[in-house]
Amino acid sequence: MPSKPSARLAALTVAAVCSAASTVLVTAPAHADGVRIHDIQGDTRISPYAGRQVTDVTGIVTGIRTYGSSRGFWIQDPVPDADPATSEGVFVFTGSTPKGVAVGDAVAVSGTVTEYVPGGASSGNQSLTQITRPAFTVVSGGNPVPAATVIDARSVPAAYAPAGDPAANGSIDALPLRPSAYALDRYESLEGMNVQVSDTRVVGATDPYTELWVTVKPRENRNRRGGTVYGSYDAQNTGRLQIQSLGSAAAFPDANVGDTLAGATTGPLDFNQYGGYTLVANELGTLEEGGLRRETTRRQHAGELSVATYNVENLDPSDDTFAAHAAAIVDHLRSPDIVALEEVQDDNGAVDDATVTAGVTVTRLIDAVEAAGGPRYDWRSVDPVDKADGGEPGGNIRQVFLFDPERVSFTDRAGGDATTAVGVTKVRGKAALTVSPGRVDPASAAFENSRKPLAGEFVFRGRTVIVIANHFASKGGDQSLTSQYQPPSRGSETQRHLQAKAVHDFTAKILTTQKNAAVVALGDINDFEFSRTTEILEGDGTLWSAIKSLPPGERYSYVYQGNSQVLDQILISPSIRRGGTFSYDSVHLNAEFHDQISDHDPQVLRFRP
């Protein structure tokens with residue numbers, strides 16, 4: 001029975017993209033008869049039959065996808081060859097819901113072998129081998145599905161990926177697969193096949209797209225809360241695997257980090273833009289809760305100044321999360337003296353009408369904090385130029401200082417606005433800001449289409465503390481860990497490096513003016529504590545990222561693709577660090593949970609100035 005792809009494929013979905021724009025096609029106007037699936041897959045990532053017509057490719061249907069823009073079914077040859085590098089499964093892309101075919105059918109498929117790159121060639125993603133424009137015949141029904149290949153700790157190598165071919169700009173596409181040597185090669189050798197994982201721990205909570213992450217290596221960089229910590233560029237955590245389902249979204253489990261998918265999770269192994277290798281389950285394990293609870297930090301002592309950073313994820317007046325954010329600040333962060341907020345949107349959110357003020361947004365949060373039993377915070381910020389700071393179009397996100405006026409005072413110095421650069425001067429022998437609040441180097445190319453750092457001068461028990469709130473450029477556009485280019489390119493770093501240099505140099509001016517000045521630079525740095533971005537911020541001891549005072553297993557504020565990692569940081573000047581009286585806490589209350597109100601965990605620093 002024939003089944004043809006739609007003339008125009010829908011936009012990107014979480015499953016995969018199969019559009020003409022994302023095709024990597026090796027054209028050869030030829031036909032191939034008597035070809036088996038392992039011949040099509042070959043022993044490299046690119047099919048030797050790409051661009052060719054194949055006839056009567058036989059296999060057993062192992063799964064059918066009826067949703068999204070990547071509709072079709074998987075088939076697998078029940079009689080494998082002896083080569084572990086050649087997959088026995090392949091996806092048949094129909095474009096519309098397949099009709100007249102069921103799991104267990106033996107089919108003969110004719111069509112064109114094509115390599116599709118989810119997200120397009122510019123994404124750097126690996127391609128997915130498919131049979132497109134298919135015509136297929138059901139030979140028989142009710143056949144046993146080929147036994148699932150088990151993916152476990154013993155079968156996935158410790159090394160992540162081979163180094164790419166320098167002659168191919170670092171691509172691994174043409175390299176022979178070595179599934180016993182590299183994790184990505186092992187997964188690629190199973191592309192399209194029926195696979196199984198069992199009793200796997202959840203390392204990435206269920207997200208709105210009904211997907212989660214597990215690990216097949218329970219001991220790999222595990223922390224005490226059940227996550228898998230990403231602690232260096234050379235430790236990509238090879239046991240991570242994304243799980244989706246061929247069943248209904250309503251039946252997908254709401255899982256947190258540390259939960260377990262008990263029993264077998266079985267289905268075809270796919271590759272998509274937002275997770276790379278993904279087990280698309282016909283059968284899901286049973287969710288067993290791990291009992292993870294949101295953390296609460298201790299309250300600051302009377303003589304301690306507590307400073308926090310918290311990304312509230314595009315907060316605007318229309319959101320229903322104000323009470324939850326207030327509870328996080330009051331109950332879990334213990335009402336810090338100063339809270340630097342990131343991603344506060346303007347007073348009408350994403351409506352693009354030139355509104356830049358955020359008083360309504362901030363006041364709603366302040367009211368909610370007070371209603372939750374916290375202090376009546378005061379606040380300071382600088383409104384951005386409309387559409388100049390990136391983020392959600394129309395939202396005009398910015399950093400905001402909340403502070404408890406019963407504990408700290410803010411030193412106001414007039415003149416700070418969106419385009420005026422804050423400077424450093426000396427007042428009575430001490431470093432002072434020329435404007436407060438003010439923005440650091442707002443005209444610099446480093447902050448083009450990105451948030452400008454917000455600097456403010458505070459006084460706690462007679463001691464001045466200068467706080468710089470940051471929200472650096474995101475990692476958007478970087479190649480993924482599963483990229484065809486190894487090591488993957490991190491092009492977004494270029495701007496963050498410039499931003500880090502600007503903040504470092506501004507801090508250095510403060511310390512040149514007053515050697516023992518208390519400076520705190522904090523926020524969503526959008527980079528790791530071991531990154532070059534952090535090294536530039538720290539410089540030659542100008543600042544130090546205090547999250548490094550925590551044990552390695554505690555160093556994370558964000559969970560991405562099953563990796564618990566650092567994006568949010570609080571950096572301190574030498575006088576704070578040398579005092580030895582500071583304490584640091586990454587308060588895990590969002591990133592590990594399926595019902596998170598932000599994708600970031602707040603960070604809290606306490607010290608005696």
Side-chain angles (χ1 to χ4, degrees), residues 297-312 315 317 322-323 325-342 344 347 357-383 398-417 422 427-428 430-439 453-470 517-523 570 572 576 582-583 585 587 602-609:
T297 196
R298 71 167 174 83
R299 191 176 300 279
Q300 66 271 25
H301 301 310
E304 288 181 313
L305 177 68
S306 60
V307 184
T309 177
Y310 186 19
N311 185 317
V312 290
L315 188 68
F322 283 92
H325 283 304
I329 292 170
V330 176
D331 298 333
H332 295 278
L333 303 186
R334 300 295 194 181
S335 301
D337 301 316
I338 301 169
V339 184
L341 302 173
E342 299 87 47
V344 173
D347 287 333
T357 58
V360 174
T361 308
V362 179
T363 300
R364 279 203 63 186
L365 181 58
I366 290 173
D367 290 345
V369 167
E370 187 175 30
R376 181 70 189 182
Y377 281 118
D378 202 348
W379 68 286
R380 297 290 187 276
S381 188
V382 173
D383 293 334
R398 84 288 310 277
Q399 297 89 270
V400 172
F401 290 128
L402 300 184
F403 62 95
D404 181 356
E406 297 297 319
R407 294 266 298 165
V408 296
S409 61
F410 190 87
T411 303
D412 288 292
R413 291 197 177 88
D417 58 27
V422 60
V427 175
R428 293 188 292 277
K430 303 293 185 180
L433 303 180
T434 56
V435 294
S436 177
R439 306 180 98 192
L454 177 70
E457 195 173 316
F458 297 85
V459 176
F460 176 74
R461 293 195 161 195
R463 178 75 190 275
T464 295
V465 179
I466 295 174
V467 183
I468 308 166
N470 302 277
V519 182
V520 177
L522 76 175
I570 301 178
I572 56 178
I576 300 174
F582 74 88
S583 66
D585 197 357
V587 187
Q603 313 292 292
V604 177
L605 173 79
R606 294 173 290 262
F607 68 102
R608 297 178 183 272

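When a residue number appears, it is its place in the shown sequence, counting from 1. Worth saying up front: this structure is predicted, and the values here are computed from it rather than measured.
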So do [Y] and [X] actually touch side chain to side chain, heavy atoms under 4.5 Å?
X	Y	answer
His332	Pro602	no
Leu305	Arg461	no
Ser335	Tyr377	yes
Pro336	Val307	no
Val465	Val408	no
Arg398	Asp383	yes
Val520	Ile338	no
Phe607	Ile572	no

Salt-bridge criterion met for [X] and [Y] (N-O under 4.0 Å):
X	Y	value
Arg380	Asp412	yes
Lys430	Glu457	no
Asp404	Arg376	no

Mind checking the [atom1]-[atom2] spacing from [X] to [Y]? Nearest 0.5 Å is all I need.
X	Y	atom1	atom2	result
Leu315	Thr361	CG	OG1	6.5 Å
Leu605	Phe582	CG	CZ	7.5 Å
Trp379	Thr363	CH2	OG1	6.5 Å
Phe322	Leu365	CZ	CG	6.5 Å
Arg334	Arg298	CZ	CZ	11.0 Å
Ile366	Leu402	CD1	CG	5.5 Å

Please confirm whether the backbone N or O of [Y] pairs with a side-chain atom of [X], one donor and one acceptor, at under 3.5 Å?
X	Y	answer
Asp585	Ser583	no
Arg439	Asp417	no
Ser306	Asp337	yes
Asp347	Gly359	yes
Arg606	Glu304	no
Gln603	Ile570	no

How close do [X] and [Y] get, heavy atom to heavy atom, and via which atoms?
X	Y	value
Arg413	Val427	NH2-CG2, 4.3 Å
Asn470	Pro453	OD1-CB, 3.4 Å
Ala518	Arg463	N-NH2, 3.6 Å
Pro375	Val369	O-CG1, 3.6 Å
Gly523	Thr309	CA-OG1, 3.2 Å
Ser381	Val400	OG-CG2, 3.7 Å

Please work out whether the ring planes of Phe458 and Phe403 are parallel, tilted or perpendicular, with thresholds of 30° and 60°.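 It falls in the perpendicular class, over 60°.
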